[in-house]
Undergrad: 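Following this message is one structure expressed as structure tokens.
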Amino acid sequence: MLTLQYLREQKEEALNRLARRCNKELEGFVHKALELDIEKRKILSELENLQAEVNKASKEIGTLMRDGKKDAAEAIKTRVAEIKSRTQDLKTDLNSVDGDLNAVMYQIPNAPHKDVPTGKSAEDNEEVFSAGKLPELGEHALPHWELAAKYKLIDFEMGVKITGAGFPVYTGAGARLQRALINFFLDMASEAGYAEVIPPLVVNEDSGIGTGQLPDKEGQMYYIGEDDLYLIPTAEVPVTNMFRDVILDEGDLPVKKCGYTPCFRREAGSYGKDVRGLNRLHQFDKVEIVQIAQPEESYKVLGEMVDHVKTLLEKLGLPYRILRLCGGDMGFAAATTYDFEVYSAAQDKWLEVSSVSNFEAFQSNRLKCRYRKAGEKKTELVHTLNGSALALPRILAALLENNQDESGIAVPEVLVSYTGFERIEG
RNA sequence: GGAGAAGUGGCAGAGUGGUCGAUUGCACCGGUCUUGAAAACCGGCGUACCGAGAGGUACCGGGGGUUCGAAUCCCUCCUUCUCCGCCA
């Protein structure tokens, strides 16, 4: 969440930035939070003063008891009892105000960066880059779900049988291609200096809160009630949470991690042709890159991550474009997000395959991930960033569709050493 | 899954109701000494919030309770270790 300090000290800027989300409620939330903050601090200072009195009196009692002056001790006790009843009230008030304050703060999304366009929906996103030539397929061109069936790459029906819709079974060359992509992405990330981790696929509540999935967005995650755990919607959650409650040294930054994991999303409310084939799944594979950076560096780091994803798409030979998301289309925790979309020719659709975001201090404030500049005593919140590099299913969809001809599908050259075959044929 | 033991500052390790936010050692930082280093000696050495400051408050695995007062007592959860069972 945003820090109260930021709202207090730079309220106008905060409101300005939040306005880019086109959510009329937000201004009210900010004012509410600041009011509650003042109230909280008023109660807190009164409570702490009383607490100090009690502490002092308790010490006196201790001294008196040791000296055997029981009567004098009893006299102080009655005085303390009065103060205590007052502190009880204050504690109740404090809890209530603090609860309200937290509730409001949890509803305030990250403040978009100054360069983020104001807007309500995907229509207001801004295309900032595009590359690659859109392939022109002949009449014979098939959408990927038909190609998957024709060449026995993916068995959607089998997935339905053993689990349900959105859980495909990759088979034969399809499975092999999937694994090739994972290895290719991981190798590229390693080369770019990201240290590989294999995190748990299931996380606890604290982790969900740390990266912003909880509270309020439980509906997106699969929940294991018996153990109070959540299936991860992205490796971002476990990997970023490795740094929860951690104080780093300046010299540790930037931290660069990457990880491959399956991702699980309930995608409640999705329907129709959006979910056809590989377009939207409940379980999918993704390689994620994560960085933890100094605040002054974070936008440079964001650019570096964007460049990394560009490289991947170019090596795969996929036409793509980059969108800077508008305020209204960005995720709750993000300050800036670039979405990457590849063109999937047979569907004639742009498919989102990566989302690269700078969360600034929004996540680190929840995570309590701080760093200390060399020689300084004070700690400061780090900036966290992450991006998909890349999400597999839509990449696979685009590869199948764009690289098809009448007799088969060509495997991109960079993948051949991983797949062991150059073409998929009937 | 069953039985037992334990969780204290970066690490080690004291502390079982009253100046304990916490003895001590190591590590670390600064200084003295030294040609330099080591050793020795002196000093410093957790986090967060409130406060202009002095200072105050909170935190000894998490949460709750008893008490004027809790690291210390009680309840509960979590984790680790040992033994048994089961198992890739």
Side-chain angles (χ1 to χ4, degrees), chain A residues 1-9 33-102 104-105 198-210 214-215 224-230 238 241-252 255 262 361-382:
Chain A
M1 64 187 113
L2 293 170
T3 63
L4 271 165
Q5 192 191 5
Y6 177 63
L7 293 183
R8 279 201 293 259
E9 292 172 5
L34 289 171
E35 274 170 36
L36 288 165
D37 175 47
I38 288 169
E39 200 180 335
K40 175 185 166 181
R41 281 188 291 160
K42 200 178 124 205
I43 296 170
L44 196 63
S45 84
E46 193 182 342
L47 177 63
E48 287 187 351
N49 286 335
L50 292 177
Q51 205 68 258
E53 269 188 64
V54 171
N55 287 345
K56 217 171 112 194
S58 293
K59 280 181 186 168
E60 278 177 44
I61 292 172
T63 313
L64 291 170
M65 294 294 273
R66 203 174 41 225
D67 296 347
K69 297 173 183 165
K70 271 198 139 177
D71 293 347
E74 286 302 324
I76 299 180
K77 273 197 200 181
T78 47
R79 206 185 80 216
V80 170
E82 287 168 32
I83 304 176
K84 291 277 283 189
S85 76
R86 176 78 184 125
T87 63
Q88 281 311 321
D89 292 348
L90 285 171
K91 274 185 190 168
T92 310
D93 292 352
L94 183 67
N95 281 338
S96 140
V97 170
D98 202 36
D100 292 350
L101 178 58
N102 272 326
V104 178
M105 288 304 284
I198 301 180
L201 306 182
V202 170
V203 294
N204 58 31
E205 187 185 11
D206 285 344
S207 293
I209 290 171
L214 297 174
I224 306 167
E226 199 174 357
D227 297 295
D228 200 17
L229 296 170
Y230 298 84
N241 270 282
M242 288 167 65
F243 298 91
R244 173 150 49 85
D245 293 318
V246 167
I247 298 176
L248 296 158
D249 288 324
E250 185 179 14
D252 297 332
V255 171
F362 192 88
Q363 288 183 331
S364 59
N365 188 31
R366 289 195 182 188
L367 294 161
K368 301 209 182 348
C369 179
R370 294 150 290 171
Y371 82 106
R372 204 187 318 262
K373 281 204 169 80
E376 291 200 13
K377 197 171 156 59
K378 191 74 186 150
T379 62
E380 197 179 332
L381 293 171
V382 299

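Within every chain, numbering begins at 1; the chains are lettered A, B, ... in the order of the sequence lines, protein sequences first and strands thereafter. Everything numeric in this text was worked out from a predicted model, so none of it was measured.
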Undergrad: If I take atom CD1 in residue A/Ile247 and atom C1' in nucleotide B/rU47, what distance separates them, rounded to the nearest angstrom?
TA: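 Distance check: A/Ile247 CD1 to B/rU47 C1' gives 6 Å.
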Undergrad: If you measure from the P atom in B/rU72 to the same atom in B/rG7, how many Å do you get, rounded?
TA: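 Looking at atom P only, B/rU72 and B/rG7 are 12 Å apart.
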Undergrad: Which value, in whole Å, describes the distance between the C1' atoms of nucleotides B/rG31 and B/rU82?
TA: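 Nearest-Å result for B/rG31 against B/rU82 at atom C1': 49 Å.
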Undergrad: Looking only at atom types and distance, does a side-chain atom of A/Asn49 sit under 3.5 Å from a main-chain N or O of A/Ser45, one as donor and one as acceptor?
TA: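 Yes; judged by distance alone, with no hydrogens or angles, the pair exists.
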Undergrad: With a 4.0 Å cut-off on heavy atoms, is A/Lys377 in touch with a base, just the backbone sugar-phosphate, or nothing at all?
TA: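 Here A/Lys377 touches the backbone only, sparing every base.
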Undergrad: Sort out the partner of B/rC59 for me: Watson-Crick or G-U wobble, both distances under 3.5 Å, none otherwise.
TA: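 WC or wobble partner is B/rG46.
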Undergrad: Report which part of the nucleic acid A/Arg370 touches: base, sugar-phosphate, or nothing (heavy-atom distance under 4.0 Å, all strands).
TA: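 Sugar-phosphate: the residue A/Arg370, judged by heavy atoms under 4.0 Å, touches backbone atoms but no base.
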Undergrad: Look at all strands and tell whether A/Ala52 reaches a base, only sugar-phosphate, or nothing, counting heavy atoms closer than 4.0 Å.
TA: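 Sugar-phosphate only.
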Undergrad: What distance, rounded to whole Å, do you find between the two C1' atoms, one in B/rU79 and one in B/rG63?
TA: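 My reading of the C1' atoms in B/rU79 and B/rG63 gives 15 Å.
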Undergrad: Is any side-chain N or O of A/Lys91 closer than 4.0 Å to OP1 or OP2 of B/rA58?
TA: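 No, because none of the side-chain N or O atoms of A/Lys91 sits under 4.0 Å from OP1 or OP2 of B/rA58.
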Undergrad: Taking B/rG46 as the reference, what is the distance to B/rG53 when you measure between their C1' atoms (whole Å, please)?
TA: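 So the two C1' atoms sit 23 Å from each other.
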Undergrad: Passes side chain to side chain donor-acceptor pair (under 3.5 Å), A/Thr92 versus A/Asp89? Steps please.
TA: CA-CA 5 Å; A/Thr92 310; A/Asp89 292 348; 5.3 Å; no
Undergrad: Would you measure the distance from the P atom in B/rC28 across to the matching atom in B/rA38 and give it in whole Å?
TA: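 The answer is 10 Å between these two P atoms.
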Undergrad: With a non-hydrogen cut-off below 4.0 angstrom, is A/Ile61 in contact with a base, only sugar-phosphate, or nothing?
TA: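 Since a base atom lies under 4.0 Å of A/Ile61, the category is base.
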Undergrad: What does A/Lys40 touch in the nucleic acid at a heavy-atom separation under 4.0 angstrom: a base, only the sugar-phosphate, or nothing?
TA: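 Here A/Lys40 touches no strand at all.
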Undergrad: Would you classify A/Thr379 as touching base, sugar-phosphate or nothing, given that sugar-phosphate means primed atoms plus P, OP1 and OP2, and contacts are heavy atoms under 4.0 Å?
TA: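 If one applies the 4.0 Å heavy-atom cut-off, A/Thr379 turns out to touch the sugar-phosphate alone, with no base involved.
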Undergrad: Rounded to the nearest 0.5 Å, how far apart are CZ of A/Arg41 and CG of A/Leu101?
TA: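 One finds 10.0 Å between CZ of A/Arg41 and CG of A/Leu101.
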Undergrad: Is any side-chain heavy atom of A/Lys42 less than 4.5 Å from a side-chain heavy atom of A/Ile38?
TA: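 No. Closest side-chain heavy atoms not under 4.5 Å.
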Undergrad: Counting side-chain heavy atoms from C-beta on, which of B/rU57, B/rC68, B/rU19 comes nearest to A/Lys59?
TA: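 Looking only at side-chain atoms, A/Lys59 lies closest to B/rU19.
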Undergrad: What is the distance, rounded to the nearest whole Å, between atom CD1 of A/Ile43 and atom P of B/rC49?
TA: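 Rounded to the whole Å, the gap is 19 Å.
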Undergrad: Atom CZ of A/Arg372 and atom C1' of B/rC45: how far apart are they, to the nearest Å?
TA: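 That distance rounds to 11 Å.
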Undergrad: Strictly below 4.0 Å: does A/Lys84 bring a side-chain N or O up to OP1 or OP2 of B/rG69?
TA: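 Yes, such a contact exists.
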Undergrad: Is there a side-chain contact between A/Arg8 and the phosphate of B/rC50, meaning an N or O under 4.0 Å from OP1 or OP2?
TA: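 It does, given that an N or O in the side chain of A/Arg8 lies less than 4.0 Å from OP1 or OP2 of B/rC50.
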Undergrad: With sugar-phosphate meaning primed atoms plus P, OP1 and OP2, does A/Asn55 contact a base, only sugar-phosphate, or nothing at under 4.0 Å between heavy atoms?
TA: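 A/Asn55: backbone/sugar contact only, no base atoms under 4.0 Å.
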Undergrad: Suppose you measure atom C1' in B/rC77 against the same atom in B/rA27; what distance do you get, rounded to whole Å?
TA: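 34 Å, rounded to whole Å.
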Undergrad: To check you understand the geometry: which heavy-atom pair defines the closest contact between A/Gln51 and A/Lys91, and what is its length?
TA: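 What the structure gives for the nearest pair is NE2-CE, 4.0 Å.
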Undergrad: Can you tell me how far P in B/rA71 sits from the matching atom in B/rG65, rounded to whole Å?
TA: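 Looking at atom P only, B/rA71 and B/rG65 are 15 Å apart.
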Undergrad: Under a 3.5 Å cut-off for both contacts, is B/rG25 paired Watson-Crick or G-U wobble with anything, and if yes, with which nucleotide?
TA: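 In the structure as shown, B/rG25 has B/rC11 as its Watson-Crick or wobble partner.
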Undergrad: Could you work out the separation of B/rC59 and B/rG64 based on their P atoms and round it to a whole Å?
TA: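 To the nearest whole Å, 10 Å.
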Undergrad: Do A/Lys77 and A/Glu74 sit within salt-bridge range, that is, some charged N less than 4.0 Å from a carboxylate O?
TA: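 Salt bridge present between A/Lys77 and A/Glu74.
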